[in-house]
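Right, one structure below, let's go through it.
Note that the structure is predicted; figures quoted are calculated from it, not measured.
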Amino acid sequence: MHVITDNAALLTKAFGTTLLLSVGGGALAAVVGLLVGVARMSPVPFLQRAGAVYVEIIRNTPLTVVFFLIVFVLPQLGLTIPSYVLAAVIALGFYTAAFVSEAVRAGVNTVGRGQAEAARALGLSFLENMRFIIVPQALRAVVPPLANVWIALVKNTSIAAGFGVLELTASGQRINFLEPAAVVQALLWIAVAYLVITLGSAFGFRRLEHRLAVAR
């Protein structure tokens, strides 16, 4: 256990950074993913095509490549991001947004067409229809796939270790460099830390799903 106590500050900082990447990337993915999902279902052909192109490109591009583009390519174009942590949040957020948009679109498709037709008959616009009628009902169906997307996001934060971000995986690499004999203990602690985040999140999503089901 000495490796944990000796590196407590390092591991604690790495755990906090992983949480920051997860929450920041998740919040960005939720906003962008919702906008892309709504765009794909809008009556405007250009928005439909733009949303579809975004989703297909991102889903078929490795996350590591997205990191490279944001960390190394954008500065060459004059768009410098002030920190590697912020760059990692942006990469994780925009990458995960493609999967969030698909979850949103699948959830919206579970709502009966009659709901949208009734809203249009009452004079609601497309955005008003989505905001007040469709999306609130779709949330019940969206929670389970979003839980999977979130857990995948948490695990994807490990890729930030290769881009100068000190998160859980990077802390294990540093301990392996400083104390090779103690790396197994450190990796076990890191695995437990990931489980705390993912299992805690899964419990929270189950509670949310149960509450929405009861409210139905």
Response to the item:
Applying side chain to side chain donor-acceptor pair (under 3.5 Å) to Ser201 and not counting sequence neighbours gives Trp150

Discussion item. Quick one, Val66 with Ile70, criterion side chain to side chain contact (heavy atoms under 4.5 Å, CB included). Give me CA distance, side-chain angles, the key distance, then yes/no.
Written reply: CA-CA 6 Å; Val66 177; Ile70 291 176; 4.1 Å; yes

Practice prompt. State which residues pass side chain to side chain contact (heavy atoms under 4.5 Å, CB included) with Ser83; sequence neighbours excluded, sorted by chain then number.
Written response: Val85, Leu86

Response to the item:
Value for OG (Ser42) from CG (Leu35), rounded to nearest 0.5 Å, stands at 11.5 Å

Worksheet item: Do you know the tightest heavy-atom contact between Ala161 and Glu167?
Response: CB-OE2, 3.0 Å

Discussion item. Tell me whether Leu28 shares a hydrophobic cluster with Leu79, the cluster being built from Ile, Leu, Val, Met, Phe, Trp, Tyr side chains joined at under 4.5 Å.
Written reply: yes

Practice prompt. Determine whether Val89 and Phe72 fall in the same hydrophobic cluster, where Ile, Leu, Val, Met, Phe, Trp and Tyr are linked whenever their side-chain heavy atoms lie under 4.5 Å apart.
Written response: yes

Item to complete: Any chance you could measure Thr64, atom OG1, to Ile159, atom CD1, to the nearest 0.5 Å?
Response: 4.0 Å

Practice prompt. Kindly indicate, with the supporting measurements, whether the criterion side chain to side chain contact (heavy atoms under 4.5 Å, CB included) is fulfilled by Leu63 and Leu92.
Written response: CA-CA 8 Å; Leu63 179 54; Leu92 290 165; 3.9 Å; yes

Discussion item. Can you list everything that forms a side chain to side chain contact (heavy atoms under 4.5 Å, CB included) with Ala103? Sequence neighbours excluded, please.
Written reply: Pro145, Leu146

Response to the item:
Heavy-atom nearest pair, Arg40 first then Gln48, reads O-CG, 3.6 Å

Worksheet, complete the sentence: Rounded to the nearest 0.5 Å, the CG atom of Asn148 sits from the CZ atom of Phe99 at a distance of 12.0 Å

Item to complete: Give me the other members of the hydrophobic cluster that Phe46 sits in, counting Ile, Leu, Val, Met, Phe, Trp and Tyr linked by side-chain heavy atoms under 4.5 Å, directly or via other members.
Response: Val44, Leu47

Worksheet item: Taking atom OG1 of Thr169 and atom CD1 of Ile190, what is their separation to the nearest 0.5 Å?
Response: 6.5 Å

Practice prompt. Measure across Leu21 and Ala160 and return the closest heavy-atom pair with its distance rounded to 0.1 Å.
Written response: CD1-CB, 4.0 Å

Response to the item:
side chain to side chain contact (heavy atoms under 4.5 Å, CB included) filter on Ala193, not counting sequence neighbours, yields Phe15, Leu168, Trp189

Worksheet entry | Shortest non-hydrogen separation from Tyr194 to Ser158 and the atoms involved | OH-CB, 3.6 Å

Worksheet item: Mind checking what makes side chain to side chain donor-acceptor pair (under 3.5 Å) contact with Tyr54, not counting sequence neighbours?
Response: none

Worksheet item: With sequence neighbours excluded, what pairs up with Asn156 under the side chain to side chain donor-acceptor pair (under 3.5 Å) test?
Response: none

Practice prompt. Mind checking side chain to side chain contact (heavy atoms under 4.5 Å, CB included) for Val65 and listing every partner two or more places apart, or none if nothing turns up?
Written response: Thr61, Pro62, Leu69

Item to complete: Check whether any side-chain heavy atom of Val38 sits under 4.5 Å from a side-chain heavy atom of Leu34, and report yes or no.
Response: yes

Worksheet item: Val154 and Val23: same hydrophobic cluster, using ILVMFWY side-chain contacts below 4.5 Å?
Response: yes

Practice prompt. State, yes or no, whether a side-chain contact exists between Thr80 and Leu74 at a heavy-atom distance under 4.5 Å.
Written response: no

Worksheet item: Excluding sequence neighbours, so at least two apart, what forms salt bridge (charged side-chain N to carboxylate O under 4.0 Å, His left out) with Arg59?
Response: Glu56, Glu102

Worksheet item: Can you name the nearest heavy-atom pair linking Val55 to Ser101, along with the distance?
Response: CG2-OG, 3.3 Å

Worksheet item: Which pairs, with at least one residue in residues 155-181 and sequence neighbours excluded, count as a ring-ring contact (aromatic ring centres under 6.0 Å, His included)?
Response: Phe67-Phe163, Phe68-Phe163

Response to the item:
Minimal heavy-atom distance between Ala88 and Val165, with the atoms involved, is CB-CG2, 4.2 Å

Discussion item. Could you walk me through whether Phe94 and Val32 satisfy the side chain to side chain contact (heavy atoms under 4.5 Å, CB included) test, starting with their C-alpha distance in whole Å, then the side-chain angles of each, then the deciding distance to 0.1 Å, before giving a yes or no?
Written reply: CA-CA 7 Å; Phe94 277 94; Val32 176; 4.1 Å; yes

Practice prompt. In sequence, state the C-alpha distance, the side-chain angles, and the governing distance for Ile197 and Leu19, and then conclude on side chain to side chain contact (heavy atoms under 4.5 Å, CB included).
Written response: CA-CA 8 Å; Ile197 300 174; Leu19 279 179; 3.9 Å; yes

Worksheet, complete the sentence: The side chain to side chain donor-acceptor pair (under 3.5 Å) partners of Glu179 (sequence neighbours excluded) come to Asn7

Worksheet item: To the nearest 0.5 Å, how far apart are CD in Gln185 and CG in Leu187?
Response: 10.5 Å

Item to complete: Could you note down all residue pairs passing side chain to side chain donor-acceptor pair (under 3.5 Å) where residues 14-27 supplies at least one of them, sequence neighbours left out?
Response: none

Item to complete: Answer with yes or no whether the hydrophobic clustering places Val31 together with Leu20; edges join I, L, V, M, F, W, Y residues whose side-chain heavy atoms lie under 4.5 Å apart.
Response: no

Discussion item. Test your reading of the model: is there a side-chain donor-acceptor pair from Thr12 to the backbone of Ala9, 3.5 Å cut-off?
Written reply: no

